[in-house]
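This report concerns only the one structure given below.
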Amino acid sequence: MARVLSAEVKTIVTATAPALQQHGVAITTRMYERLFTDPEVKAMFDEAAQESGEQPRRLAAAILAYAQNIDKLEALTAPVMRMAARHVETGVKAEHYPLVAEALLPAIRDVLGEAATDEVLSAWGEAYWALADILIGKEEALYTEISDAAGSASH
Ligand code: HEM
């Protein structure tokens, strides 16, 4: 089930979207530094896309698009399907999502400093999980499709 975000959370996320736009790549670059202290997680990512800065840019763009569309998430259907497809190709599972949350939220504080108040971080935490739930749901459906197809191919 998708989480329902309160009007207050949506207001905070929308209000902080410009700061994210300005500092988005710095935040996601810092997030990956934190995330990649886990070598198993690091191995899931394409090294070239990290080094060129391409992956931090993609993630920053996705987070920003999300903040800008928080009241009309149906506008994000196509990018969400693309992300879910790429996640399934690279073996991303529901259990990985807390690791990204634990890397992303402190990274926002590292970069924005005092501007990232507890209230802002908690709103972004809720918003992250609303998006994560959507992705996890799509990814589960894709994994099921793949295993059903493999199952019928072997009979
Ligand atoms: C709400 C959370 C997340 C968002 C918004 C997000 C966003 C994205 C985006 C935009 C891409 C690029 C898709 C493309 O190729 O066009 C991507 C790829 C990827 N994501 Fe995520 N992601 C999230 C969570 C996660 C988690 C939990 C993991 C697991 C540790 C993960 C691992 C990956 C990997 C391995 C790729 C492929 C990178 C590559 O090509 O090297 N993501 N993600």
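What's counted below: heavy atoms across the whole structure, side chains too, no hydrogens, waters or symmetry copies. In listed order, ligands and their atoms are each counted from 1.
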In this structure, atom 29 (C) of ligand 1 is nearest to the protein heavy atom His96 CB, 3.6 Å

shortest atom 16 (O) of ligand 1-to-protein heavy-atom contact is with Arg58 CD, 4.1 Å

Nearest non-hydrogen contact to atom 24 (C) of ligand 1 from the set Trp129, Tyr97, Phe45 belongs to Tyr97

Listing protein N, O or S under 2.8 Å around atom 21 (Fe) of ligand 1 gives His87 NE2

Just wondering, do Tyr128 and Val100 contact through their side chains at under 4.5 Å, heavy atoms?
-> yes

closest protein heavy atom to atom 2 (C) of ligand 1 is Tyr128 CE1, 3.5 Å

Residues at least two apart in sequence or cross-chain that pass ring-ring contact (aromatic ring centres under 6.0 Å, His included) with Phe36, listed by chain then number, are Tyr32, Phe45

query = Would you call His96 and Met44 a side-chain contact if the rule is heavy atoms closer than 4.5 Å?
reply = yes

Review point. Tell me, do Arg109 and Asp118 make a side-chain contact under 4.5 Å, heavy atoms counted?
Key: yes

Contacts of Tyr97 meeting ring-ring contact (aromatic ring centres under 6.0 Å, His included) (sequence neighbours excluded), chain-then-number -> none

The side chain to side chain donor-acceptor pair (under 3.5 Å) partners of Asp148 (sequence neighbours excluded) come to none

Nearest heavy-atom contact between Met83 and Leu135 is CB-CD2, 3.8 Å

For the pair Glu54 and Asp46, evaluate side chain to side chain contact (heavy atoms under 4.5 Å, CB included) and give the outcome as yes or no after the intermediate values. CA-CA 10 Å; Glu54 186 55 34; Asp46 179 80; over 6 Å; no

* With a cut-off of 6.0 Å (strictly less than), are more than 12 heavy atoms of other residues, nucleotides or ligands near CD of Glu8? -> no

Looking only at protein heavy atoms, what sits closest to atom 5 (C) of ligand 1 is Leu131 CD2, 3.7 Å

Ligand 1 atoms nearer than 4.0 angstrom to some heavy atom of Asp46 are 39 (C), 41 (O)

Taking only non-hydrogen atoms of Gln55 and a 4.0 Å limit, the atoms of ligand 1 in range are 11 (C), 17 (C), 18 (C), 19 (C), 38 (C), 43 (N)

